[in-house]
Protein chains: 2
Amino acid sequence: MVATKNSASPLAGLSEQALAHVAEYFQALADPMRLRILNTLRSGEHNVGELTELCGCSTANVSRHLAALAKQGMVGRESRGTSVYYSIADASIYALCDLVCCNIARQFEQQASVHKSFTKATQKRGRNHP
Amino acid sequence: MVATKNSASPLAGLSEQALAHVAEYFQALADPMRLRILNTLRSGEHNVGELTELCGCSTANVSRHLAALAKQGMVGRESRGTSVYYSIADASIYALCDLVCCNIARQFEQQASVHKSFTKATQKRGRNHP
DNA sequence: CATCTATTTGCGCAATTAGGCAAATAATGA
DNA sequence: TCATTATTTGCCTAATTGCGCAAATAGATG
């Protein structure tokens with residue numbers, strides 16, 4: 001691994017591999033059904049069958065999505081009896097999602113009130129659609 | 001929009017559309033080259049040609065990636081002369097990336113400890129040489 | 001062991017996507 | 001005007017991805 005070690009921020013000076021790793025992490029979150037699963041797991045652990053019902057998704061796909069999330073260390077796996085229970089392994093995921101939701105909410109606000117001026121600066125900011 | 005759950009957090013009770021929107025947001029971050037572009041923009045605004053050189057990517061692709069980032073409101077666009085300058089429009093992106101990097105660093109630590117010798121107790125955390 | 005249930009995985013298909021190449025567009029200057 | 005530079009976009013290909021279906025595994029119970 002070629003670490004450039006520019007310690008301005010964790011993102012600064014990342015190697016190709018590290019960048020790919022971060023991208024994979026985001027990729028795991030870039031699916032509505034996986035987000036739904038994570039959201040469902042917020043209330044506590046659930047097995048695959050429960051998630052299948054709660055998320056309205058086939059068992060096979062829930063299993064696959066859980067595998068993808070587990071690969072990124074987002075959820076933990078625990079076999080109990082004939083079932084496999086999954087739970088959130090990294091609560092900071094929700095911090096990520098909350099940040100994104102805030103950003104998107106902000107976008108919606110801006111979109112909703114294009115002609116209103118609630119931005120403090122009077123600059124013309126990125127409202128450009130061809 | 002159908003809110004199905006109590007709103008303990010922004011992620012809770014998200015409609016299908018909102019969930020898809022969040023997923024799209026993460027999707028925009030789920031590419032190494034786009035992360036590299038964002039990382040490069042951290043030092044300040046750059047035009048497409050500069051980013052092409054700094055990121056080692058073709059002009060067309062840089063342009064496309066920038067369009068994807070702009071679509072999510074992550075970067076802003078400003079034409080000056082014959083060039084188009086892009087800059088970070090939402091600094092909270094870096095908070096996202098930093099969170100992810102911390103999570104991944106943690107993963108690396110755990111992987112490293114496990115890989116090194118699984119006979120040791122995993123409560124010692126002294127493994128950090130990126 | 002046989003069997004049932006729960007979960008995982010292999011395979012194929014349809015849809016999406018990143019990248020290369022070239023043509024099209026925009027802005028500047030002779 | 002035409003030429004030049006900078007950026008965007010259309011088209012194509014290769015690779016990836018999510019899903020449905022069915023077969024395969026793992027664990028518990030008779």
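Every chain is numbered from 1 and lettered A, B, ... according to where its sequence line falls, protein lines coming before strand lines.
- Nearest-nucleotide positions on DNA chain C for A:G49 and B:A60 put A:G49 closer to the 5' end.
- Backbone-only contact: A:Y86 has heavy atoms under 4.0 Å from sugar-phosphate atoms and none from a base.
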- Message: Run B:E45 and B:R77 through salt bridge (Lys or Arg N to Asp or Glu O under 4.0 Å) and show every step you take.
- Response: CA-CA 9 Å; B:E45 66 169 16; B:R77 199 189 111 110; over 6 Å; no
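- Here the rule is side chain to side chain contact (heavy atoms under 4.5 Å, CB included) with A:L54, and of A:L41, A:N39, A:T40 only A:T40 fits it.
- Rounding to whole angstrom units, CG of residue B:L19 and P of D:dG18 are separated by 14 Å.
- Taking atom NE2 of B:H65 as the reference point, atom C1' of D:dT7 lies 15 Å away to the nearest angstrom.
- Nearest-nucleotide positions on DNA chain C for A:V84 and A:R64 put A:V84 closer to the 5' end.
- The two residues B:R34 and B:A28 have their closest heavy-atom pair at NE-O, 2.7 Å.
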Check nucleotides 26-30 of chain D for protein N or O atoms closer than 3.5 Å to its own N or O atoms and list the pairs.
residue	atom	partner	partner atom	Å
D:dG27	O3'	A:G81	O	3.3

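- Distance CG (B:D31) to P (D:dT16): 13 Å, rounded to an integer number of Å.
- Looking at B:Y94, its side chain does come within 3.5 Å of a backbone N or O of B:L38 through a donor-acceptor pair.
- B:V62 has its side chain out of reach of B:S58: every pair of non-hydrogen atoms, C-beta onward, lies at least 4.5 Å apart.
- B:N61 places its CG atom 17 Å from the P atom of D:dC11, with the value rounded to the nearest Å.
- Expressed to the nearest 0.5 Å, how far CG of B:L96 lies from CG of A:N103 amounts to 6.5 Å.
- Put simply, the side chain of B:Y86 does not reach to within 4.5 Å of the side chain of B:N47, judged on heavy atoms.
- Of the charged side-chain nitrogens involved, at least one lies within less than 4.0 Å of a carboxylate oxygen, so that B:D90 and A:R106 count as a salt-bridged pair.
- Reading DNA chain C from its 5' end, the first and the last nucleotide to sit under 4.0 Å from a heavy atom of chain B are C:dA18 to C:dT28.
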